[in-house]
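Reckoned from all heavy atoms, side chains included, excluding hydrogens, waters and symmetry mates. Nothing fancy with the numbering, it's 1 onward along the sequence. Given the structure is predicted, the values throughout are model-derived calculations rather than measurements.
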Amino acid sequence: MTMTFSERADQLCDALREIEHQAEEGDELFYCAYLLGLLGLHSSAEGEGQAEFDEAFEGTLRDTLEAENVSEADQTLILNLWHKTRETV
């Protein structure tokens with residue numbers, strides 16, 4: 001059975017919350033919160049498929065990071081956390 005975008009967003013949020021609970025530094029907590037907020041907004045998108053969701057979300061994430069003028073260093077760390085989270089579930 002194909003996963004809906006909403007189900008995939010929930011799955012990723014659960015994984016991020018687990019990372020957030022284990023985080024020891026403030027920056028990682030911020031990055032988790034950033035991704036959780038954006039996932040919350042993106043979870044209402046209609047569609048199906050894990051890979052399709054991940055691809056669409058990453059595009060939105062990159063656009064948002066650029067639009068919000070997030071520093072290159074923070075962009076890299078947020079994207080690394082996104083990739084780590086995506087690969088764990």
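- Within a 6.0 Å radius of CD in Glu25, more than 12 heavy atoms belonging to other residues, nucleotides or ligands are found.
- A donor-acceptor contact closer than 3.5 angstrom is absent between the side chains of Gln11 and Glu7.
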>> Please determine whether salt bridge (charged side-chain N to carboxylate O under 4.0 Å, His left out) holds for the pair Glu58 and Arg62, giving the CA-CA distance in whole Å, both sets of side-chain angles, and the decisive distance to 0.1 Å.
In response: CA-CA 6 Å; Glu58 184 161 335; Arg62 288 178 181 276; 3.0 Å; yes

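- You'll find the side chain of Leu77 stays beyond 4.5 Å of the side chain of Asp27, heavy atoms only.
- Minimum interatomic distance between Leu61 and Ile78 (heavy atoms only, all atoms of both residues): CD1-CG2, 4.1 Å.
- From Thr85, atom OG1 reaches atom CG of Leu35 across 6.5 Å, with rounding to the nearest 0.5 Å.
- The line from CG of Asn80 to CD of Glu28 is 11.0 Å long, rounded to the nearest 0.5 Å.
- Residue pairs meeting the salt bridge (Lys or Arg N to Asp or Glu O under 4.0 Å) criterion with at least one partner in residues 29-56, sequence neighbours excluded, are Arg8-Asp54.
- Atom CG in Leu36 sits 11.0 Å away from atom CG in Leu41 (nearest 0.5 Å).
- The cluster map of Ile, Leu, Val, Met, Phe, Trp and Tyr, joined by side-chain heavy atoms under 4.5 Å apart, puts Leu38 and Leu29 in different clusters.
- In the hydrophobic cluster analysis, where Ile, Leu, Val, Met, Phe, Trp and Tyr join through side-chain heavy atoms closer than 4.5 angstrom, Val89 is grouped apart from Met3.
- Closest approach of Val70 and Gln75 over heavy atoms only: O-NE2, 2.8 Å.
- Of all non-hydrogen atoms in Leu39 and Ala9, the two that sit nearest each other are O-CB, 4.3 Å.
- Screening residues 15-46 for ring pair (Phe, Tyr, Trp, His ring centres under 6.0 Å) gives His42-Phe53, His42-Phe57 as the qualifying pairs, with residues at least two apart or on separate chains.
- Between the CG atom of Leu81 and the CG atom of Leu16 there is a distance of 5.5 Å, given to the nearest 0.5 Å.
- Considering only heavy atoms from C-beta on, Leu79 comes within 4.5 Å of Leu65 through its side chain.
- Taking every heavy atom of both residues into account, Ala15 and Thr88 meet most closely at CB-OG1, 4.3 Å.
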